[in-house]
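This report refers to the structure that appears directly beneath it.
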Protein chains: 2
Amino acid sequence: MTNCDHTLCKTSALKEAERVCEQLGARFTDQRRNVFEILWQSHKAMTAADIMNEMTNKQPPITYRALEFLKKSGLIHHVTSLNAYVGCIHAKDPNHIGQLLICTNCHNIDEIEPKKAVSELIKAAKNQDFTPSLTHIEMLGICKTCNNATS
Amino acid sequence: MTNCDHTLCKTSALKEAERVCEQLGARFTDQRRNVFEILWQSHKAMTAADIMNEMTNKQPPITYRALEFLKKSGLIHHVTSLNAYVGCIHAKDPNHIGQLLICTNCHNIDEIEPKKAVSELIKAAKNQDFTPSLTHIEMLGICKTCNNATS
DNA sequence: AGTTTGCCTGTTAAAATTTAACACTTGCTA
DNA sequence: TAGCAAGTGTTAAATTTTAACAGGCAAACT
Ligand SMILES: [Zn+2]
Ligand SMILES: [Zn+2]
Ligand SMILES: [Zn+2]
Ligand SMILES: [Zn+2]
């Protein structure tokens with residue numbers, strides 16, 4: 001994501017969303033698109049309230065339902081440590097486990113797929129005879145851009 | 001934690017809490033102890049409301065302030081994916097990064113310290129020039145006991 | 001074409017969760 | 001013993017999330 005051509009980010013995310021919905025037999029309705037486009041204005045996490053403020057229809061149930069749908073469909077991530085949401089940049093792979101790098105300064109979020117780390121995490125879990133189904137990895141810290149700026 | 005002598009868990013956690021407070025120059029007051037002991041009744045996560053219900057003084061600010069303090073002091077973990085809290089079993093090491101194994105069946109939480117996985121996560125972050133300060137690792141799944149029970 | 005069906009929306013509230021503000025107390029210490 | 005910082009009690013309020021239910025809309029059947 002770092003130094004992205006964000007117009008490209010956004011259009012390809014939209015295309016992907018349409019594909020995913022099609023595949024799920026669900027509709028990419030106005031409300032869902034509205035939430036999705038608002039989230040994809042940037043790579044920053046937004047709270048439900050943030051999003052709601054920018055919606056055409058600002059009623060809570062509308063917003064929460066769309067968020068719920070997008071999350072279940074793997075198109076967005078719920079950033080639990082911020083209680084906020086961000087568009088997923090790996091939506092093509094519905095089974096990916098993302099490591100979210102959350103900059104506490106500029107609030108941008110990058111998402112990487114740390115295959116080796118994940119396999120270590122799963123190994124560690126299995127050592128305790130624990131069978132994981134859902135994994136959250138969130139790191140708060142300072143991103144490259146902000147690091148350079150403050151030095 | 002699995003198959004623990006929980007009386008032991010609890011007393012050693014209390015002793016540790018007293019030590020940590022002492023070291024921080026803070027007081028392990030009645031309210032803080034009340035929250036802490038309620039959490040340590042088990043290894044299950046409890047929401048703020050759950051805890052509040054069992055407090056001597058059931059007023060929200062009392063509960064939230066104690067939780068905030070205990071979290072900042074590293075004595076409990078905020079389980080962000082459940083928006084709930086659980087006692088930390090590695091409080092002796094204030095810099096540990098715990099991997100929470102959260103059983104969606106019995107709701108017990110185990111916490112392990114996956115050193116290798118963590119170093120891989122940090123390595124992956126640094127590859128993006130990201131400087132992490134706080135790391136959350138939470139896995140939802142089925143624990144050993146529940147796995148055995150359902151098979 | 002008309003009708004059923006299931007998904008999705010609109011709307012009205014209400015419940016649940018978290019925080020603000022401020023006066024007061026308590027234990028330390030200068 | 002007065003002053004200070006940490007911690008509490010109390011009253012509300014703000015924020016976040018959910019329930020409930022009537023209505024609309026698009027694909028699918030007859
Ligand atoms: Zn971008
Ligand atoms: Zn993702
Ligand atoms: Zn811990
Ligand atoms: Zn279990």
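Because the structure is predicted, anything quoted here is derived from the model rather than measured. Proteins get letters first, then strands, A, B, ... in listed order; numbering begins at 1 in each. The figures that follow rest on heavy atoms only: side chains count, while hydrogens, waters and symmetry mates do not.
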Quick check against the 3.5 Å criterion: does [X] have a side-chain atom that pairs as donor or acceptor with the backbone of [Y]?
X	Y	answer
Asp50(A)	Thr47(A)	yes
Glu54(B)	Ile38(B)	no
Gln99(B)	Met139(B)	no
Asp110(B)	Gln128(A)	no

Item to check | Any residue of residues 50-75 of chain A with a heavy atom less than 4.0 Å from an atom of DNA chain C | outcome: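 Within residues 50-75 of chain A, the residues near DNA chain C are Asn57(A), Gln59(A), Pro61(A), Ile62(A), Arg65(A).
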Checklist entry - For residues 15-34 of chain A, which residues have at least one heavy atom under 4.0 Å from DNA chain C? => result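 Correct list: Ala26(A), Arg27(A), Thr29(A), Gln31(A), Arg32(A).
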Item to check | Stepwise ring-ring contact (aromatic ring centres under 6.0 Å, His included) check, His90(B) with His77(B) | outcome: CA-CA 10 Å; His90(B) 300 122; His77(B) 286 288; 8.2 Å; no
Checklist entry - With under 30° as parallel and over 60° as perpendicular, where do the rings of Phe36(A) and Phe28(A) fit, or are they tilted in between? => result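 Perpendicular: the ring planes of Phe36(A) and Phe28(A) meet at over 60°.
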Checklist entry - Do any side-chain nitrogens or oxygens of Asn83(A) fall under 4.0 Å of OP1 or OP2 in dT17(D)? => result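 Yes, such a contact exists.
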Checklist entry - Where does DNA chain D form stems of at least three consecutive Watson-Crick or G-U wobble pairs, each pair having both distances below 3.5 Å? => result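 The stems are C:1-30 with D:1-30.
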Next on the checklist: For the NZ atom on Lys116(B), are there more than 12 heavy atoms of other groups (residues, nucleotides or ligands in this structure) within a distance under 6.0 Å?
Outcome noted: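 Not buried by this count: 12 neighbours or fewer within 6.0 Å.
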Item to check | Pair His78(A), His136(A): side-chain N/O donor-acceptor within cut-off below 3.5 Å | outcome: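 Absent: no donor and acceptor within the cut-off.
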Checklist entry - Using a heavy-atom cut-off of 4.0 Å to chain B, what are the terminal contacting nucleotides of DNA chain C, in 5' to 3' order? => result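 The protein-touched segment is dT17(C) to dG27(C).
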Item to check | Residues that Thr131(B) engages under side chain to side chain donor-acceptor pair (under 3.5 Å), provided they are two or more places apart | outcome: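 Side chain to side chain donor-acceptor pair (under 3.5 Å) list for Thr131(B), sorted by chain: Asn147(A).
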Checklist entry - Passes salt bridge (charged side-chain N to carboxylate O under 4.0 Å, His left out), Glu22(B) versus Arg19(B)? Steps please. => result CA-CA 5 Å; Glu22(B) 168 111 29; Arg19(B) 200 191 58 73; over 6 Å; no
Checklist entry - Is there a salt bridge (charged side-chain N to carboxylate O under 4.0 Å, His left out) between Arg33(A) and Glu18(A) once you walk through the steps? => result CA-CA 9 Å; Arg33(A) 176 185 297 269; Glu18(A) 279 161 4; 2.8 Å; yes
Next on the checklist: Does anything in residues 62-73 of chain B form a side-chain hydrogen bond (donor to acceptor under 3.5 Å, both in side chains)? List the pairs, not counting sequence neighbours.
Outcome noted: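 Every candidate side-chain hydrogen bond (donor to acceptor under 3.5 Å, both in side chains) pair involving residues 62-73 of chain B fails, so no pair, neighbours aside, qualifies.
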